[in-house]
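Contents: one structure, followed by commentary.
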Number of protein chains: 2
Amino acid sequence: MAAKRPDKVTITEVARLAGVSTATAGRVLGGYGYSSEEIKKRVQASAKRLGYRPNLLARGLITGKTKTIGVVAGDIQSPFYSSILRGIADVSRAEGFGVLLTNSDELLVRELEAVQLLLDKQVDGLIVAPCDTERSDHLRRALKEGCPIVQFDRMVKGLGADAVTVDNRKASREAIGSLIEAGHRRIAILAELERWDSGDIASFIMRVEAGSIEPTTLFPSWQRLFGYVEAHLAAGLKIDRALVARVGAYSLDAARLQALHLLREADRPTALFTADGLMTAGAVDAITSLGLRIPDELSMIGFDDLDWMSFLKPAITAVVQPVTAMGETAARLMLDRLAGGDSPPRHVTLELSLARRGSVAKP
Amino acid sequence: MAAKRPDKVTITEVARLAGVSTATAGRVLGGYGYSSEEIKKRVQASAKRLGYRPNLLARGLITGKTKTIGVVAGDIQSPFYSSILRGIADVSRAEGFGVLLTNSDELLVRELEAVQLLLDKQVDGLIVAPCDTERSDHLRRALKEGCPIVQFDRMVKGLGADAVTVDNRKASREAIGSLIEAGHRRIAILAELERWDSGDIASFIMRVEAGSIEPTTLFPSWQRLFGYVEAHLAAGLKIDRALVARVGAYSLDAARLQALHLLREADRPTALFTADGLMTAGAVDAITSLGLRIPDELSMIGFDDLDWMSFLKPAITAVVQPVTAMGETAARLMLDRLAGGDSPPRHVTLELSLARRGSVAKP
DNA sequence: AGGCACTGTGCGAACGTTCTCACAATAGAA
DNA sequence: TTCTATTGTGAGAACGTTCGCACAGTGCCT
């Protein structure tokens, strides 16, 4: 039989050794009431001698606070989420908070399970990249029951919670704008574009042109497409539907295939805009296998900046997201909220920057 | 003032509604004692009606089990750790365990803090990539106090705990072997090689040649150097000390600088072996900026396989580590141990494979 | 009839903290 | 003096579970 738990030392024993009541010892060790200098010393001495460590479970049970933040990421394995997580973890640690991690794989069921687990474990708050901007009753419920939520990367429609996002639309508009300015007219976009309940690409584009879409609760790749359309509109260019490649899945292979398809057309685009890091990877893979020369035969700008992009033959111009800052901001919003902020929901939008490198030239 | 906690429903209320004692309700809901079919139904019905969720803190306080695993990674932002974490998280989730995450940044103080935090939060076990293979009393203490530990990537000397590692030495030996076989005689190695208390590179090499080093508790980059030396010994080649580049820090920039230094020498090596992903990135950066052609002017093999390596102009031959499998194995070892395994410490060594691509040619 | 094993239920005590009270002592103000 | 405020201490009740025990009923074997 396994040895039970070898004499965990509790506050009672510290109190006994110091010759005071557990209440007094608690006050000294927990730092929450009055205590004389002399007793303080005595208690601390015996705590040290016994190697006392407070049981955070017991504390949490009574205070209702666990000093733990629950995080629901899409997939920590991706550089995007792992950097955000890093930001969250750093800020949390500095304030003595723990981070309980789960992955949703962008699946609603998974997210639901994850939130449930975190809630059961009594986390003080939830930092979530929501899978679905509409069906998020579980988040609403959690919020209503007093568990603060901070969303990142995207926002649930009408959820009254804090959020950190980036200005995808603007960055995309500017990136495409710079391609147009360089003289490009046939600019392709390779984007994930999953989950759009209200129709297909064509109708989305029409509705953007008509100005009848509220962009804030769109998924990032759609916001980036939004910016793509806007840039075309601003320049008075028509959009060739054939140049909008909807990958439909977050997969390198799918991206590669779509890129191949796009670049093998007779009437090939002169420039390619990839809507995130994975799409860029898939595209680069396709481009090298086709033997296309960048930027002579094809100009390129990608969303997300990954280390390898800067040391590729011609380095790839990229929209860089402030990933760790996003995580840090999310954590900070959460900690503020936990510190008693009763302010209305705040929405922080971080700015993006364009790292101009060698992948753009005149067509 | 913030609303307190809006009527959390406890087992007492479920019991009352079902007309039974809390003990009985507990048995049904916790599934740990006898209960008749009829009562089972009644309790479950009222639990469902009230939306009851057990408070895992309270449960943990009494059972001493939190169903939470603490993880101390070096830096989740790195692809290595994030993949491992993914593996850990997947297996843990499947068994209903939560994952509490911390980073050590490979700093002993940080690791100490992290372990302390996790222990205070009463995690059931610790999965750690130890910073220091010698001074790890905190781990020994935790172990002695009944908190199981699984190490990964490296092992603490004489710590009687489970571990998952890969066969760095063998993989490195074989990689270098294949370069030698291709005809290379001047093979450089670019490696982190921090933390070696017993002297410098020269003395390490001498001691390897003398057979007086126990490799299992070395840090991975040293094990890889070990294999490098062995391959040379086996082929009867002398080692040119100038070809062993010790970066001394885990930094892309430092790696790039060392690589530049190495490749600008008059008597340039004909092949380069990089001891991990970051070193490879630094080297590739240096190589492109020098305009060296791979594999004509320089052959190359790198440890760690990152997505971009496969779609670089000539794809880079790489030793691929089974990263997620490593995480999964670590988690599985932990869960076994928690399930009551009293077996002696197990050490799982995973095999590595060489992904042969286009970066190796005759000199 | 007695004994024993098994099933089912409730009472109350844990678990290790914090929190609410009650009570004292001291000091300064009225 | 008496009142009030401030500082200090301890007893005991929380928090929401699980666990040990007592007790009772059933069925089966001697």
Side-chain angles (χ1 to χ4, degrees), chain A residues 4-44 46-47 50-68 119-124 145-146, chain B residues 4-44 46-47 50-68 119-124 145-146:
Chain A
K4 290 297 288 290
R5 29 197 57 261
D7 42 43
K8 283 272 182 188
V9 30
T10 80
I11 206 170
T12 316
E13 309 176 38
V14 174
R16 183 160 41 215
L17 178 62
V20 296
S21 72
T22 65
T24 306
R27 273 187 290 256
V28 172
L29 267 14
Y32 50 82
Y34 294 113
S35 47
S36 66
E37 278 310 311
E38 195 232 326
I39 287 224
K40 215 173 274 184
K41 251 179 232 160
R42 246 174 42 218
V43 170
Q44 278 160 350
S46 49
L50 297 178
Y52 170 75
R53 297 257 84 210
N55 182 327
L56 265 29
L57 280 196
R59 177 178 294 173
L61 182 57
I62 182 162
T63 61
K65 302 278 148 213
T66 53
K67 296 209 102 188
T68 304
L119 252 28
D120 286 355
K121 287 203 184 291
Q122 311 292 118
V123 296
D124 291 342
E145 285 184 3
Chain B
K4 289 299 286 292
R5 28 197 58 260
D7 43 42
K8 284 271 184 187
V9 30
T10 80
I11 206 170
T12 316
E13 309 175 37
V14 174
R16 183 159 41 214
L17 178 62
V20 296
S21 72
T22 65
T24 307
R27 273 186 289 256
V28 173
L29 268 13
Y32 51 82
Y34 294 112
S35 46
S36 65
E37 277 311 311
E38 196 233 325
I39 287 225
K40 216 172 272 183
K41 251 180 230 158
R42 244 174 43 216
V43 170
Q44 277 160 350
S46 49
L50 297 177
Y52 169 76
R53 295 256 88 209
N55 183 328
L56 297 185
L57 281 196
R59 176 177 294 172
L61 182 57
I62 181 162
T63 59
K65 302 278 149 215
T66 53
K67 296 210 100 185
T68 304
L119 253 27
D120 286 356
K121 287 203 185 291
Q122 312 290 121
V123 295
D124 292 341
E145 285 183 3

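Lettering of chains follows the sequences in order, A, B, ..., and the numbering in each one begins at 1.
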(request) Could you tell me the separation between the OH atom of Tyr34(B) and the C1' atom of dT26(D), rounded to a whole number of Å? (result) 13 Å
(request) Counting heavy atoms from C-beta on, name the nucleotide in dG10(D), dT9(C), dA14(D) closest to the side chain of Ser35(B). (result) dT9(C)
(request) Please state whether the phosphate of dT9(C), meaning OP1 or OP2, lies under 4.0 angstrom from any side-chain nitrogen or oxygen of Ser36(B). (result) yes
(request) Please state how far atom NZ in Lys121(B) lies from atom P in dT17(C), giving the value in whole angstrom units. (result) 14 Å
(message) What is the separation between atom CZ on Arg53(B) and atom P on dT17(D), rounded to the nearest whole Å?
(response) 11 Å
(request) Quick one: closest heavy-atom pair of Val9(A) and Gly51(A), and the distance? (result) CG1-O, 3.9 Å
(request) Measure from OH on Tyr32(A) to C1' on dT20(C) and round the result to the nearest Å. (result) 12 Å
(request) Nearest whole angstrom, please: distance from the P of dT17(D) to the CG of Asn55(A). (result) 17 Å
(message) Rounded to whole Å, how long is the line connecting atom NZ of Lys65(A) with atom C1' of dT17(C)?
(response) 17 Å
(request) Grab the CG-P distance between Leu29(B) and dC19(D) for me, whole Å please. (result) 14 Å
(request) Would you please confirm or rule out a distance under 4.0 Å between OP1 or OP2 of dG8(C) and any side-chain N or O of Thr24(B)? (result) no
(message) So Ile39(A), base contact, sugar-phosphate only, or nothing? Heavy-atom distance under 4.0 Å.
(response) sugar-phosphate
(request) Dump the intermediate steps for salt bridge (Lys or Arg N to Asp or Glu O under 4.0 Å) on Lys41(B) and Glu38(B), then the final yes or no. (result) CA-CA 5 Å; Lys41(B) 251 180 230 158; Glu38(B) 196 233 325; over 6 Å; no
(request) To the nearest Å, give me how far apart CD1 (Ile11(B)) and P (dT9(C)) are. (result) 15 Å
(request) Test for a donor-acceptor pair under 3.5 Å between the base of dG10(C) and the side chain of Arg27(B), counting only N and O atoms. (result) yes
(message) To check you understand the geometry: which heavy-atom pair defines the closest contact between Ser46(B) and Leu17(B), and what is its length?
(response) CB-CD2, 3.2 Å
(message) By nearest heavy atom, map Gly33(B) and Leu61(B) onto DNA chain C; which one lands nearer the 5' end?
(response) Gly33(B)
(request) Identify, between Arg59(A) and Ala23(B), the residue whose nearest nucleotide on DNA chain C lies closer to the 5' end. (result) Ala23(B)
(message) Can you tell me if Thr10(A) touches the phosphate of dG16(C), counting only side-chain N or O atoms and a distance under 4.0 Å to OP1 or OP2?
(response) no
(request) Verify whether one side chain among Thr68(B) and Lys121(A) offers a donor that lies under 3.5 Å from an acceptor in the other. (result) yes
(message) Which heavy atom of Ser35(B) sits nearest to which heavy atom of Lys40(B), and what is that distance?
(response) OG-CE, 3.2 Å
(message) Closest approach to the side chain of Thr12(A), judged atom by atom: which nucleotide of dT17(C), dG10(C), dT17(D) is it?
(response) dT17(C)
